[in-house]
Amino acid sequence: MSEIIRLSRMYMPTLRDVPADADIASHQLLLRAAMIRKTASGIYTFLPLGYKVLSKIENIVRQEMDATGALEIMMPALQPSELWHESGRWDDYGPELMRLVDRHDHGYCLGPTHEELITSLVKGELRSYKQLPVTLYQIQVKFRDEIRPRFGLLRSREFIMKDAYSFHDSQESLQETYDAMSVAYGRICDRCGLEWRAVEADSGQIGGKVTCEFMALAESGEAELVYCDCGYSANTEAGECIAKPTVYESGELAKISTPGIHTIEELAEFLGIPETSTVKALSGKDAEGGLYVLFVPGDHEVNEIKAARAVEGFELLTDEEMLAFGLHKGSMGPVNLPEGAKVVADVSLKDVPEWVVGANEEGFHFVGAAPGRDFDVDVWADLCVVKPGDVCPECGKQLKGARGIEVSQVFQLGDKYSKSMGATYLDQNGKEQPFIMGCYGVGVTRTLAAVVEQHSDEAGIKWPAGIAPAHVCIIPLNVGDDLVQPAAERLAESLVEFGFDVAIDDRKERPGVKFADADLIGWPLQIVIGKRGLEEGTIELRRRRTGEKRDMELSVATELFSFAKKHLMNREHGDIAMFEGLFS
Ligand code: ATP
Ligand code: MG
């Protein structure tokens with residue numbers, strides 16, 4: 001049974017002022033509400049109330065993982081470098097990997113993720129196809145030496161992740177687990193009270209091809225999303241881009257003097273045409289140093305991940321390299337390129353028979369540059385960062401835009417790790433096969449902060465009831481009063497009996513201080529008990545989420561709470577609906 005949290009004995013140094021180095025709501029409020037404290041850049045301590053929230057989120061994650069049949073384990077954070085050499089990521093991961101050396105000169109890293117460790121764990125012991133599929137997970141601390149730790153728990157250097165890994169003998173089996181994990185991830189978001197979207201994503205450092213991110217919608221989010229009413233949504237890092245360039249017809253190739261004009265904006269203004277009628281160029285080289293010039297509609301940006309997919313090892317040219325090739329920044333074009341240069345153009349430019357584009361001559365542009373007549377395109381590829389207003393690749397309508405916080409991601413890894421690390425099982429014919437793998441990560445501490453981004457106001461946090469440090473905070477106004485104090489204690493006890501987590505603000509503080517702290521900490525329901533009300537048998541209920549207040553007879557309230565208890569058991573909507581009945 002839950003215990004009563006007594007605020008007189010709680011360690012909760014709340015802050016009235018906004019901390020100077022915290023610039024978004026979740027960071028400010030988690031500090032102010034005494035949920036967390038900063039230990040060093042990107043490193044935080046959870047104080048008692050924050051730790052209660054964290055534990056509740058972890059439990060939701062645990063329940064949803066267990067429900068999929070995944071098995072909980074605990075791997076070490078400290079990982080030997082040999083494993084990372086085997087997978088090739090010791091070199092590939094870069095400076096985000098926290099590396100260290102022990103007294104015997106052995107290399108280690110503090111795990112940013114655990115694909116290597118888990119693959120070595122099952123290697124040699126998970127042997128037969130008959131044992132598959134298997135999914136193992138842990139809830140554990142992760143380390144990433146982020147270049148810019150910021151926004152408090154949203155991008156920290158030490159954070160808590162739930163990471164799960166699945167092993168399969170077929171793509172179908174992987175797909176089944178991947179789908180089940182995706183459903184579980186949606187439920188985790190729901191139960192934490194998040195408004196979220198699952199989006200098409202890029203697999204980044206982890207590898208694999210099929211992947212999906214779960215985004216908590218928030219203006220402060222670092223990720224940009226596009227979405228459509230038809231249900232399609234994608235991270236702009238990854239989404240297919242179908243731009244709608246417009247055509248400026250000239251009829252023939254004509255060189256135009258454009259003195260001092262270097263940007264698309266200036267060019268469009270100079271010619272009196274929309275930016276969509278211009279073509280933007282970007283130069284780079286492949287792994288062998290060969291020159292590539294990329295062309296995209298003028299109102300779009302090149303997506304470097306896509307560029308690297310179109311041109312192996314693609315890297316942007318430096319200003320010096322451009323000069324060495326005889327290229328002019330701000331007036332590059334496909335006509336009269338240096339010998340051997342390859343032209344890579346965005347697929348949406350296929351619909352543009354005449355381009356307005358640089359002339360490879362300082363201070364000059366072409367209008368009417370026609371692909372196939374004036375120059376050739378070597379490669380057509382999807383090159384652009386998709387943006388709102390582009391065409392939905394699924395239904396053809398216009399995409400809309402939003403921002404989000406990536407709280408979790410699921411990946412189909414295939415055999416990337418099992419192959420490089422030699423982790424195999426015996427198939428039905430007794431033949432060695434590399435495992436087909438999936439991996440699935442929930443940012444537990446990031447989820448906590450994302451909830452605050454979505455559920456707060458100037459006064460403080462508004463925890464969804466399912467993850468609040470306690471569901472109810474009872475606030476006796478006159479502590480020690482022989483009417484008020486026993487009534488508050490009795491109510492607390494009966495609420496605990498109904499299954500609620502209850503706090504009681506038994507501090508000898510002024511009512512104003514208690515109210516301010518209660519709003520800041522964000523208890524979903526406050527019950528104010530004062531002498532005057534009690535004499536008439538009433539208490540006051542305050543609902544943090546909506547700001548609703550109402551007086552109620554103590555006996556009626558107790559009755560209603562026994563009904564509200566039912567919502568506690570209801571995992572789906574317990575969070576929001578728990579106290580609905582008290583205010584309707
Ligand atoms: P990002 O793109 O935001 O750096 P990521 O895609 O590298 O994150 P994953 O490798 O997919 O992260 O890790 C799984 C989850 O761990 C993420 O969805 C996120 O919720 C969480 N996470 C990753 N990096 C951090 C961080 N620096 N601080 C807090 N949580 C993080
Ligand atoms: Mg990710």
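Counting starts at 1 for both ligands and their atoms, in listed order.
A side-chain N or O of Gln175 and one of Asp179 form a donor-acceptor pair less than 3.5 Å apart. Under 3.5 Å, the side chains of Tyr417 and Lys123 contain no donor-acceptor pair of N or O atoms. Side-chain contact, Ser87 with Ser420: no donor N or O sits under 3.5 Å from an acceptor N or O.
Glu301 CD: 12 or fewer foreign heavy atoms inside a 6.0 Å radius. In this structure, Glu195 places its CD atom where only 12 or fewer heavy-atom neighbours from other residues, nucleotides or ligands lie under 6.0 Å away. Within 6.0 Å of CG on Asp17 lie no more than 12 heavy atoms contributed by other residues, nucleotides or ligands. More than 12 heavy-atom neighbours from other residues, nucleotides or ligands sit within 6.0 angstrom of NZ on Lys387.
For ligand 1, the atoms lying closer than 4.0 Å to a non-hydrogen atom of Ser408 are 18 (O). Applying the 4.0 Å criterion to heavy atoms of Glu146 picks out, from ligand 1, the atoms 24 (N), 26 (C), 27 (N). Interface atoms of ligand 1 facing Gln409, defined by a heavy-atom separation under 4.0 Å, are 6 (O), 11 (O). Close approach of ligand 1 to Leu153 (heavy-atom distance below 4.0 Å) involves ligand atoms 29 (C).
Taking the charged nitrogens against the carboxylate oxygens, Asp457 and Arg545 have no contact shorter than 4.0 Å, which rules out a salt bridge. Using a 4.0 Å cut-off between charged nitrogen and carboxylate oxygen, Asp299 and Lys244 do not count as a salt-bridge pair.
Selection from Met215, Arg157, Met161, Glu222 by nearest heavy atom to atom 14 (C) of ligand 1 gives Met161. Checking Glu406, Lys162, Glu237 against atom 8 (O) of ligand 1, the nearest heavy atom belongs to Glu406.
Within the structure, the ring pair (Phe, Tyr, Trp, His ring centres under 6.0 Å) test picks out the following pairs touching residues 132-170 (sequence neighbours left out): Phe167-Phe435. Within the structure, every pair that satisfies the ring pair (Phe, Tyr, Trp, His ring centres under 6.0 Å) test and touches residues 12-56, not counting sequence neighbours, is listed here: His27-Tyr44.
Sorted by chain and number, the protein atoms of type N, O or S within less than 2.8 Å of the Mg ion (ligand 2) are Glu406 OE2, Gln409 OE1.
Some N or O of Arg446 is nearer than 3.5 Å to an N or O of ligand 1, by distance alone. At least one N or O atom of Ser156, backbone or side chain, sits closer than 3.5 Å to an N or O atom of ligand 1. Ligand 1 has an N or O atom lying under 3.5 Å from an N or O atom of Val407, backbone or side chain.
Heavy atoms of Arg144 found under 4.0 angstrom from ligand 1 belong exclusively to the side chain. With a 4.0 Å cut-off on non-hydrogen atoms, Thr447 does not touch ligand 1 at all.
Between Val444 and ligand 1 there is no heavy-atom distance shorter than 4.0 Å.
By the salt bridge (charged side-chain N to carboxylate O under 4.0 Å, His left out) test, Arg127 pairs with Glu432, sequence neighbours left out.
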